[in-house]
Amino acid sequence: MGVTYRRIATEEAFAPAELLDCYRRMLHDGRGDKGFQSLWGFYLGSAAERPRAVVRRLADLGAERIADMDAAGIDHQVLALTAPGTNVLDAVTARSMATLANDVAAQAVRDHPDRFTALAAVAWQEPDSAVAELERAVSRLGMCGVIANSHVQGRYLDDQRFWPVLEAAERLDVPVYLHPNTPNDRMVEPLHEAGLDGAIYGFAVETGMHLLRIITSGVFDRFPRLKLVVGHLGEALPFWLPRIDHFHAAQVASGRYPAMKALQLRPSDYLRRNVWYTTSGMAWQPGIMFVRDVVGADRVLYAMDYPYQYVADEVRHQDELPLDAAELREFFEGIATRLFHLTV
């Protein structure tokens, strides 16, 4: 029997050539935190085949990317500005780079409307301009969400200065995609010295913590209809649900931390109500089935993590998940279509 669903990949990175050139200048001048220097010093400085291929594919929104999609069996990509996106830039540069990235992505969508949609980039450093750019990207460019490449020079989205952007996302009914960044300088050192600061573990440490900060700060009490998407099957948080609930309650009762206040719901309730989980970089059947079981099958959807973890055969392996035809359609197509309001 042939496949009866469209495979939509929902965490697929791109980078305009201008952003990559900006990163090169930062590396040359020694700007950016240690995580940025480590990650992008490797991708833009290494002569090895893989990093060179990743950089080339990031900048391609045409023939090579579509050929890779066809080889893997991907029908559609949701494009997002690669990490750390605009977050490492000064505010003026971040604002102009977000506008440029959105215009580049929107052109790719116009050129290939059946193959691409895109998340908006914004300058989180300037929340007012970020709101304006998000509104432009959604209402005029047809973008389907906003990318948040985790911390903004060590500041997290539990900081109320960023909440106008979250309010705008809730009002526009578009999701915020919380994507990893390398740990900031206050937490990166023990990870970096062991070679663990990137995708192998540091991303999960940094982004899982960020998601918990968002929850425990009361963001979802303030914005109950806010939709947040996180990759890599939730950066291990679904495995921790009972422990998180237990110690959150204990710490609230003890008054040990001023920042740890009572919430309307348990942390795990927000992880089931406000958060969706993609399989980016985690094409692992036991993990996928576990997360479906503990947060709900309607919360788990497909992503590849192109081009960083491009493995053509992974799609076929996920076609073989122990799910019936209707469940596979939801996993690959239905959830993404509703969450991102896709019309393709």
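Heads up: numbering here begins at 1 and tracks the sequence. In this text the structure is predicted, and so the values were computed from the model without any measurement.
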Requested in this report: Report yes or no: do Val291 and Met289 belong to one cluster of Ile/Leu/Val/Met/Phe/Trp/Tyr joined by side chain heavy-atom distances under 4.5 Å?
Outcome: yes
Report task. Using the test salt bridge (Lys or Arg N to Asp or Glu O under 4.0 Å), find all partners of Glu11 that sit at least two apart in sequence or belong to another chain. Result -> none
Query raised in the report: Which of parallel (below 30°), tilted (30 to 60°) and perpendicular (above 60°) describes Tyr306 and Tyr310?
Result: perpendicular
Requested in this report: Please identify each residue that fulfils side-chain hydrogen bond (donor to acceptor under 3.5 Å, both in side chains) with Asn181, with sequence neighbours left out.
Outcome: none
Query raised in the report: Any side-chain heavy atom of Val188 within less than 4.5 Å of one from Thr182?
Result: no
Report task. Using the six-membered ring wherever Trp is involved, compare the ring planes of Phe116 and His112 and label them parallel, tilted or perpendicular (cut-offs 30° and 60°). Result -> perpendicular
Query raised in the report: Can you tell me if CH2 on Trp240 sees more than 12 non-hydrogen neighbours from other groups inside 6.0 Å?
Result: no
Query raised in the report: Any side-chain donor paired with an acceptor under 3.5 Å for Asp221 and Tyr270?
Result: yes
**Report entry** By side-chain hydrogen bond (donor to acceptor under 3.5 Å, both in side chains) - contacts of Tyr23 (at least two apart)
**Finding:** none
Report summary line: Rounding to 0.5 Å, atoms NE2 (His210) and CZ (Arg155) come to a distance of 12.0 Å
Query raised in the report: At what distance, to the nearest 0.5 angstrom, does OG1 of Thr93 lie from CD of Gln125?
Result: 9.5 Å
Query raised in the report: With a 4.5 Å limit on heavy-atom distance, are the side chains of Ile288 and Met282 in contact?
Result: no
Query raised in the report: How far does OG1 of Thr86 sit from CH2 of Trp124, to the nearest 0.5 angstrom?
Result: 9.5 Å
Requested in this report: Determine, step by step, whether His151 and Asp33 satisfy the side chain to side chain contact (heavy atoms under 4.5 Å, CB included) criterion, reporting the C-alpha distance in whole Å, the side-chain angles of both residues, the deciding distance to 0.1 Å, and the verdict.
Outcome: CA-CA 12 Å; His151 72 86; Asp33 62 19; 3.6 Å; yes
Query raised in the report: Quick one: CD1 on Ile66 to CD on Gln77, what's the gap to the nearest 0.5 Å?
Result: 9.0 Å
Query - Listed partners of Phe239 passing side chain to side chain contact (heavy atoms under 4.5 Å, CB included), at least two apart - result: Phe290
Query raised in the report: Between the side chains of Thr278 and Tyr177, is a donor N or O closer than 3.5 angstrom to an acceptor N or O?
Result: yes
Query - Inter- and intrachain pairs under salt bridge (Lys or Arg N to Asp or Glu O under 4.0 Å), touching residues 175-197, at least two apart - result: Lys34-Glu189
Report summary line: For Arg225, the side-chain hydrogen bond (donor to acceptor under 3.5 Å, both in side chains) test, sequence neighbours excluded, returns none
Report summary line: Taking every heavy atom of Glu314 against every heavy atom of Gln309, the minimum-distance pair comes out as OE1-O, 4.3 Å
Could you pull out all donor-acceptor pairs under 3.5 Å where a side-chain atom in residues 227-235 meets a protein atom, sequence neighbours excluded?
from	atom 1	to	atom 2	distance (Å)
Lys227	NZ	Asp173	OD1	3.0
His232	ND1	Glu235	OE2	2.7
His232	NE2	Asp305	OD2	3.2

**Report entry** Non-hydrogen side-chain atoms of Trp40 and Pro84 separated by less than 4.5 Å
**Finding:** yes
Query raised in the report: Within a radius of less than 6.0 Å around CZ of Arg24, do more than 12 heavy atoms belonging to other residues, nucleotides or ligands occur?
Result: yes
Query raised in the report: Given side chains that start at C-beta, do those of Pro175 and Trp276 come closer than 4.5 Å, heavy atoms only?
Result: no
**Report entry** Asp103 and Gln107: side chain donor to acceptor below 3.5 Å
**Finding:** no
Requested in this report: Start with the C-alpha distance between Gln318 and Phe332, add both sets of side-chain angles, then the distance that settles side chain to side chain contact (heavy atoms under 4.5 Å, CB included), and finish with yes or no.
Outcome: CA-CA 9 Å; Gln318 293 191 61; Phe332 276 110; 3.9 Å; yes
Report summary line: Using a 4.5 Å side-chain heavy-atom cut-off and chaining through intermediate ILVMFWY residues, the residues clustered with Val92 come out as none
**Report entry** Partners meeting salt bridge (Lys or Arg N to Asp or Glu O under 4.0 Å) with Glu64 (sequence neighbours left out)
**Finding:** Arg56, Arg57
Query raised in the report: So do Leu271 and Leu211 actually touch side chain to side chain, heavy atoms under 4.5 Å?
Result: yes
Report summary line: Taken in chain and number order and not counting sequence neighbours, the residues that satisfy side-chain hydrogen bond (donor to acceptor under 3.5 Å, both in side chains) with Tyr308 are Thr82
Query raised in the report: Out of curiosity, Leu81 CG to Asn102 CG, how far, rounded to the nearest 0.5 Å?
Result: 8.0 Å
Query raised in the report: Do you know the tightest heavy-atom contact between Leu157 and Ala148?
Result: CD1-CB, 4.0 Å
Report summary line: Between Leu237 and Gly208 the two heavy atoms that sit nearest each other are CD1-O, 3.7 Å
**Report entry** Full working for side chain to side chain contact (heavy atoms under 4.5 Å, CB included) between Val275 and Arg299
**Finding:** CA-CA 7 Å; Val275 183; Arg299 297 277 146 176; 5.8 Å; no
Requested in this report: Spell out, yes or no, whether Leu172 and Leu342 are grouped together once hydrophobic residues are joined by side-chain heavy atoms under 4.5 Å, including indirect joins.
Outcome: yes
Report task. Report the distance from atom OG1 of Thr10 to atom CE of Met304, rounding to the nearest 0.5 Å. Result -> 11.5 Å
Query raised in the report: Quick one: does Arg31's side chain get under 4.5 Å of Arg25's, heavy atoms only?
Result: yes
**Report entry** Full working for side chain to side chain contact (heavy atoms under 4.5 Å, CB included) between Tyr43 and Leu27
**Finding:** CA-CA 11 Å; Tyr43 277 111; Leu27 291 168; over 6 Å; no
**Report entry** For Ala194, all residues meeting side chain to side chain contact (heavy atoms under 4.5 Å, CB included), sequence neighbours excluded
**Finding:** Leu196
Query - Within-4.5 Å side-chain heavy-atom neighbours: Val205 and Pro183 - result: no
Query raised in the report: Using a side-chain heavy atom cutoff under 4.5 Å and only I, L, V, M, F, W and Y, what cluster partners does Tyr257 have?
Result: Val252, Met260
Report task. Assess whether atom OH of Tyr201 is packed by more than 12 heavy atoms of other residues, nucleotides or ligands within 6.0 Å. Result -> no
